[in-house]
Amino acid sequence: MAYISLDILFGVVAIVLALYYYFTSTFDFWKVRNVPGPKPVPLFGNIKDVMLTKLALCDFLTDLHKKYEDEPMVGIFTRRTPILIIHDPKFIKDVLIRDFSKFANRGLPVFEKTEPLSPHLFNLEAERWRPLRTRLSPVFTSGKLKEMFPLILECSDHLEQYLDKVVKEGDCVEVRELTAKYATDVIGSCAFGIDTNALADAESEFRRVGRTVFKSSLGNLIRFRLRQAMPWVYNLLGYVLPQQEVTTFFTKVISETLAYRDENNIVRPDFVNMLLELKRHPDKLENIKLTDTLLTAQAFVFFIAGFETSSSAMSNALYELALNPDIQDKLRKEIREHTDKNKGELKYDQVKEMTYLDLVFRETMRKYPAGPILIRKSMADYCFEGTKVTIPKDTFVWIPLFTIHRDPKIYPNPDAFIPERFTEDAVQARNPMHYLPFGDGPRNCIGARFAVYQSKLGLIKILRNHRVDVCEKTMIPYVFDPSAFLLAPKGGIYLKITKLEG
């Protein structure tokens, strides 16, 4: 019996030692390369509080930068995976632009069985990303945007009408939900030719499904952690788990829309039309097996990215304008000056001519970029010019947008909302790599122009005849939700909205 007990004890010790070795075997990765960084701990690496949702990733990165503010690069570990964080603008430009071919992958996982909509433009590896990006880019030109202007304008009119109803109720308004409904309607109309009714219908299926994608639920969190920690296990679950509602919903909507347009020979200047052209001429995409699911994945990412980034930008802008009424008044004056020229009617070029609106929007994106980091993964061994630091193929590189945008050496008094930071002279005085809300280089955000335009039009419609103020439910100071997948406020953004006379 004693021998059996000893065998069990030795077995347990052996397993513990093996696990310890597994979780710590990479921990000398940065030390041998002379890259500074905090000491990791087994199982968690350096992100224990982030993994346990005690600390938002943006706050972790801010604390890290304060400790290593003079270092051009810092090495950390997510669990046992080495991550290189670069802060020097030269290295950032090398990764995003000059040596893009060596960092063309984001390194984000694609699970075509468990998550059929994951092989989209944002996630795809370079081989499939390049031809798809080339074919889809024409949808996002300024010419196409101008063609879509009447559709966006119609949605913004609905927003203004809906807002009047909300204001009469007299309660604080959760503006993230308000702007998300507007953005959902815009995407539905301009991208898919579908009336989503997110503003008019409280039970809008599009809005309900869209809300679940980024919902901070336990189920979503478990999926996210499992994808990161044990991707092979997560991939196997695709054979036993039922498809998520968002997958079945979008697959049905896009397949039916494509079929209807094809049968009725309907042509519209939108995203679905481009997908239909690809389906009709799959030979235009070399080395890609074009399926309905792959096409749906592209529509899916445009939808979720379109409403999430725009609603976040608009709600954060309204938050800052409520805190800074003098800036709000100045912006409203500009809006009214331009709209009064055409008896209250907006023209496409007028939105572009509102220079102060542009300053306000850019300052909003400085303080609140859509995500805290840009991610790249090396496609070959790489040595950073002017250093002895060499990283092997498949090493992750993070560009910490949030900390760069709030670095006091780059943006003095970074927590203050100062639109004048983006006057032409001020922008020329800064390194362009110090402002990257939509990324840069060949793999920047394909829909940035569209997102900016629909956001500005929404702000114009809200602010022209309404004032936004803080209320008893307004979150001051702003706190980021540590369980959110993108940068998001904890508990939402509540503001008081009042209709102005005249």
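- In this structure, the side-chain hydrogen bond (donor to acceptor under 3.5 Å, both in side chains) partners of Arg207, at least two apart in sequence or on a different chain, are Glu177.
- Remark: side-chain polar atoms of Ser137 are paired, donor with acceptor, to backbone N or O of Arg133 under 3.5 angstrom.
- Salt-bridge formation is not detected for the pair Lys367/Asp415: no Lys NZ or Arg NE/NH1/NH2 atom is positioned less than 4.0 Å from an Asp or Glu carboxylate oxygen.
- When atom types are taken as modelled, the side chain of Thr179 and the backbone of Ser311 share a donor-acceptor pair closer than 3.5 angstrom.
- Annotation: the span from Leu96 atom CG to Leu436 atom CG amounts to 6.5 Å, rounded to 0.5 Å.
- The side-chain hydrogen bond (donor to acceptor under 3.5 Å, both in side chains) check on Thr403 picks up nothing, with sequence neighbours excluded.
- Side-chain contact between Thr296 and Phe250 is present, with heavy atoms from C-beta onward closer than 4.5 Å.
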| request: Quick one: do Asp292 and Lys279 satisfy salt bridge (charged side-chain N to carboxylate O under 4.0 Å, His left out)? Show the steps, please. | output: CA-CA 8 Å; Asp292 285 350; Lys279 186 175 183 180; 3.3 Å; yes
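- Between the side chain of Tyr382 and the main chain of Asp99, no donor-acceptor pair closer than 3.5 Å is present.
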Check: residues 384-395 side-chain donor-acceptor pairs under 3.5 Å, at least two apart:
| unit_1 | atom_1 | unit_2 | atom_2 | d |
| --- | --- | --- | --- | --- |
| Thr387 | OG1 | Phe384 | O | 2.8 |
| Thr387 | OG1 | Val389 | N | 3.1 |
| Thr395 | OG1 | Pro392 | O | 2.7 |

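- At a threshold of 4.5 Å between non-hydrogen side-chain atoms, the residues Val41 and Asn46 do not count as touching.
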| field | Verdict with supporting geometry, Tyr368 and Phe402, ring-ring contact (aromatic ring centres under 6.0 Å, His included) | value | CA-CA 8 Å; Tyr368 308 97; Phe402 186 86; 8.2 Å; no
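- For Lys409, the side-chain hydrogen bond (donor to acceptor under 3.5 Å, both in side chains) criterion is met by Asp70, not counting sequence neighbours.
- Contact check for Phe122 versus Leu108: side-chain heavy atoms found under the 4.5 Å cut-off.
- Pairing each heavy atom of Tyr68 with each of Pro38, the nearest pair is OH-N, 3.1 Å.
- Proximity of a side-chain donor or acceptor of Asn123 to a complementary backbone N or O of Ser118 within less than 3.5 Å is detected.
- Shown here are the salt bridge (charged side-chain N to carboxylate O under 4.0 Å, His left out) partners of Glu205, two or more places apart in sequence or in another chain: Arg208.
- A salt bridge is defined here as a Lys NZ or Arg NE, NH1 or NH2 lying under 4.0 Å from an Asp or Glu carboxylate O, and Arg130 with Glu127 fails to meet this definition.
- Distance check, rounded to the nearest 0.5 Å: CG of Leu61 to NE2 of His65 gives 10.5 Å.
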Only distances under 3.5 Å count here; give the side-chain donor-acceptor pairs of residues 84-92 to other protein atoms, sequence neighbours excluded, each with its distance to 0.1 Å.
| unit_1 | atom_1 | unit_2 | atom_2 | d |
| --- | --- | --- | --- | --- |
| Asp88 | OD1 | Lys90 | N | 2.8 |
| Lys90 | NZ | Asp94 | OD2 | 3.3 |

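- Scored by the side chain to side chain contact (heavy atoms under 4.5 Å, CB included) test, Thr81 finds Thr78, Ile83, Phe396 as partners (sequence neighbours excluded).
- Using a 4.5 Å cut-off on side-chain heavy atoms (C-beta onward), Leu136 and Leu275 make contact.
- For Val173, the side chain to side chain contact (heavy atoms under 4.5 Å, CB included) partners at least two apart in sequence or on another chain are Val166, Val175, Leu178, Ile497.
- With sequence neighbours left out, the salt bridge (charged side-chain N to carboxylate O under 4.0 Å, His left out) criterion links Glu363 to Arg366, Arg421.
- Between the side chain of Thr24 and the backbone N or O of Phe27 there is no donor-acceptor pair closer than 3.5 Å.
- Asn105 places none of its side-chain heavy atoms less than 4.5 Å from the side chain of Arg376.
- For Cys172, the disulfide (SG to SG under 2.5 Å) partners are Cys471, not counting sequence neighbours.
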| field | salt bridge (charged side-chain N to carboxylate O under 4.0 Å, His left out) evaluation trace for Lys456 with Asp358 | value | CA-CA 8 Å; Lys456 287 182 177 180; Asp358 188 58; 2.7 Å; yes
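- Scored by the salt bridge (charged side-chain N to carboxylate O under 4.0 Å, His left out) test, Asp49 finds no partners at all (sequence neighbours excluded).
- Counting only heavy atoms from C-beta outward, the side chains of Leu459 and Leu318 approach each other to under 4.5 Å.
- A salt bridge links Arg176 with Glu308: the distance from a Lys NZ or Arg NE/NH1/NH2 to an Asp or Glu carboxylate oxygen falls below 4.0 Å.
- Separation of atoms CH2 (Trp129) and CD1 (Ile446) is listed at 9.0 Å; rounding is to 0.5 Å.
- Between the side chain of Thr474 and the main chain of Tyr494, a donor-acceptor pair closer than 3.5 Å is present.
- Atoms CZ and CD1, from Phe450 and Ile187 in turn, are 4.0 Å apart once rounded to the nearest 0.5 Å.
- Using a 4.5 Å cut-off on side-chain heavy atoms (C-beta onward), Gln454 and Met314 make no contact.
- In this structure, the side chain of Asn316 does not engage the main chain of Thr364 through any donor-acceptor pair within 3.5 Å.
- At least one donor-acceptor pair closer than 3.5 Å links the side chain of Tyr435 to the backbone N or O of Arg362.
- Put simply, the side chain of Arg128 never gets that close to the backbone of Ile288: no donor and acceptor are under 3.5 Å apart.
- In this structure, the side chain of Ser189 does not engage the main chain of Val186 through any donor-acceptor pair within 3.5 Å.
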Distance-only criterion, 3.5 Å: show the donor-acceptor pairs between side-chain atoms of residues 297-306 and protein atoms not counting sequence neighbours.
| unit_1 | atom_1 | unit_2 | atom_2 | d |
| --- | --- | --- | --- | --- |
| Gln298 | OE1 | Leu121 | N | 2.9 |
| Gln298 | NE2 | Pro119 | O | 3.0 |
| Gln298 | NE2 | Leu294 | O | 2.9 |

| task | Check the pair Thr196 / Asp185 against side chain to side chain donor-acceptor pair (under 3.5 Å), numbers first and verdict last. | result | CA-CA 5 Å; Thr196 63; Asp185 280 349; 2.4 Å; yes
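- Taking 4.5 Å as the limit, some side-chain heavy atom of Ile476 sits within range of a side-chain heavy atom of Val470.
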